[in-house]
There are 2 protein chains.
Amino acid sequence: MTVDTRWLDNQQKAAWVRLAAVIELLPAALDSQLRRDAQLTHFDYFVLAMLSEAPARTLRMTALAEHTTATLARLSHVVQRLETRGLVERFPCPEDKRATNARLTEEGWKKVQEAAPGHVTTVRESVIDALSPEQVEQLAGIADAILHRLDPERARAAVYERYDEPG
Amino acid sequence: MTVDTRWLDNQQKAAWVRLAAVIELLPAALDSQLRRDAQLTHFDYFVLAMLSEAPARTLRMTALAEHTTATLARLSHVVQRLETRGLVERFPCPEDKRATNARLTEEGWKKVQEAAPGHVTTVRESVIDALSPEQVEQLAGIADAILHRLDPERARAAVYERYDEPG
DNA sequence: GCCATTTGGTTGTTGCGACAACCATTGCAC
DNA sequence: GTGCAATGGTTGTCGCAACAACCAAATGGC
């Protein structure tokens with residue numbers, strides 16, 4: 001009945017428990033800083049950041065969804081809210097009448113620039129500056145390996161290369 | 001005005017982007033497997049697992065909250081649902097009338113045992129087996145360092161040592 | 001012994017994410 | 001050019017998490 005489950009040894013368990021705690025706490029930490037300082041979710045910020053780097057600060061919804069590893073449905077809701085707040089605008093794509101383009105407004109652009117420094121500082125404080133340079137390199141490799149399991153399609157995509165802060 | 005923000009270099013950015021994707025996708029992967037196979041959230045499962053390891057399968061709400069890195073408010077809601085489903089029962093603590101104890105029911109115990117193998121398999125498939133033994137060790141160190149930034153109080157607590165699967 | 005504070009916990013509201021249903025456009029078969 | 005599937009996107013509903021407000025019991029000062 002119970003087919004041979006390969007349990008975790010102590011070393012593996014130690015790694016997993018700590019990772020589990022990180023994925024529980026880190027999103028909350030990022031969200032709360034951005035929400036407090038910029039009235040933005042981390043995901044909101046990510047969406048704005050991706051648009052800010054795109055040509056003409058514009059992307060098709062589908063492309064934006066890929067960049068942010070989100071479903072179209074989720075993105076649609078988020079962009080709707082951002083549009084209400086005047087940070088983003090949507091307009092139908094001329095080449096494909098099914099498609100919708102999302103463009104960062106001037107106000108949205110300002111918002112990203114305001115929010116970026118605080119966000120980077122938080123990322124530094126909670127992650128990057130906690131690690132040695134070797135660990136940062138190791139982390140890139142580890143996270144990449146995990147991503148190949150979680151999302152084989154996109155793991156090699158350019159999106160993972162491009163999360164720039166606007167400078 | 002804009003005080004010197006230390007931006008991320010390419011190596012750091014690569015690590016961060018990948019980590020950001022992981023903390024976005026991994027919780028969803030864990031949740032969906034457990035929800036599908038056991039009608040449980042990952043957090044639900046964690047709560048039950050912690051109780052299953054406690055003496056008499058019983059813990060004070062406050063202690064349980066610490067073990068699961070959750071707020072008392074969140075835990076209260078979750079335990080309420082689990083109680084409705086008959087997996088957990090609550091009763092006032094004899095020694096401190098303010099306090100509430102949560103105890104795993106027999107049904108809850110069975111549920112954990114049923115759910116554990118599938119969960120461990122998922123953890124293996126998406127994380128552990130994607131990494132070399134050296135990377136697993138590195139991951140433990142990295143996650144631990146991050147936890148010390150996110151939650152200095154609890155980073156050294158025994159809880160991080162104890163996420164056993166029931167065997 | 002009494003009042004203030006702290007501790008332990010619950011509840012109500014609000015907002016976001018997941019999922020499924022749905023509509024419109026496009027591409028393809030023939 | 002008609003029929004059908006695939007693509008692109010939106011919307012509605014439901015469940016959960018965050019936050020704040022709240023209540024009860026316990027502790028400490030004096």
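So you know, we letter chains A, B, ... as the sequences are listed, proteins then strands, and number each from 1. What you see below is based on every heavy atom in this structure, not just the backbone, and it leaves out hydrogens, waters and symmetry mates.
The interatomic distance linking B:Arg90 (CZ) with C:dG8 (P) rounds to 17 Å, in whole Å. The distance from atom CG of B:Leu75 to atom P of D:dA17 is 11 Å, rounded to the nearest whole Å. Between the CG atom of A:Asp31 and the C1' atom of C:dG17 there is a distance of 12 Å, given to the nearest Å. The distance between atom CG of B:Leu72 and atom P of D:dA20, rounded to the nearest whole Å, is 16 Å. In this entry the distance linking CZ of B:Phe43 with P of C:dG17 reads 19 Å, nearest Å. What separates CZ of A:Arg81 from P of D:dT11 is a distance of 12 Å, to the nearest Å. Residue B:His42 contributes atom NE2, which lies 16 Å from atom P of C:dA18 at whole-angstrom precision. For B:Arg36 and C:dA20, the CZ to P distance is 13 Å, given to the nearest whole Å.
Take the nearest nucleotide of DNA chain D for A:Ser76 and for A:Ala28: the residue whose nucleotide is more 5' is A:Ser76. DNA chain C is contacted by both A:Arg35 and B:Arg35; A:Arg35 maps to the nucleotide lying nearer its 5′ end (nearest heavy atom per residue). Residues B:Ala73 and A:Gln80 each lie close to DNA chain D; by heavy-atom proximity, the contact nearer the 5' end of the strand is made by A:Gln80.
Using a cutoff of 4.0 Å between basic side-chain nitrogens and carboxylate oxygens, B:Arg74 and A:Glu24 are scored as salt-bridged. Taking a cutoff of 4.0 Å between a charged side-chain nitrogen and a carboxylate oxygen, A:Asp31 and A:Arg36 do not qualify as a salt bridge. A salt bridge is absent between B:Asp144 and B:Arg149; no separation between the charged side-chain nitrogens and carboxylate oxygens falls under 4.0 Å.
A heavy atom closer than 4.0 Å to some atom of DNA chain D occurs in A:Arg98, A:Ala99, A:Thr100, these being the qualifying members of residues 91-101 of chain A.
Donor-acceptor pairing under 3.5 Å, judged by distance alone, is absent between the side chain of B:His77 and the base of D:dG15.
Ring-plane geometry between B:His42 and B:Tyr45 is classed as parallel, the angle between the planes falling under 30 degrees on a 0 to 90 degree scale with a further cut at 60.
With D:dA17, D:dC16, C:dC16 as the choices, the nucleotide that has an atom nearest any side-chain atom of B:Arg74 turns out to be D:dA17.
Applying the 6.0 Å contact sphere to CD of B:Glu89 captures more than 12 heavy atoms from other residues, nucleotides or ligands.
Two residues are said to be in side-chain contact when any heavy atoms from C-beta on lie closer than 4.5 Å; A:Ile142 and B:Val136 fail this criterion.
Looking only at atom types and distance, the side chain of A:Glu107 has no donor-acceptor partner in the side chain of A:Thr105 under 3.5 Å away.
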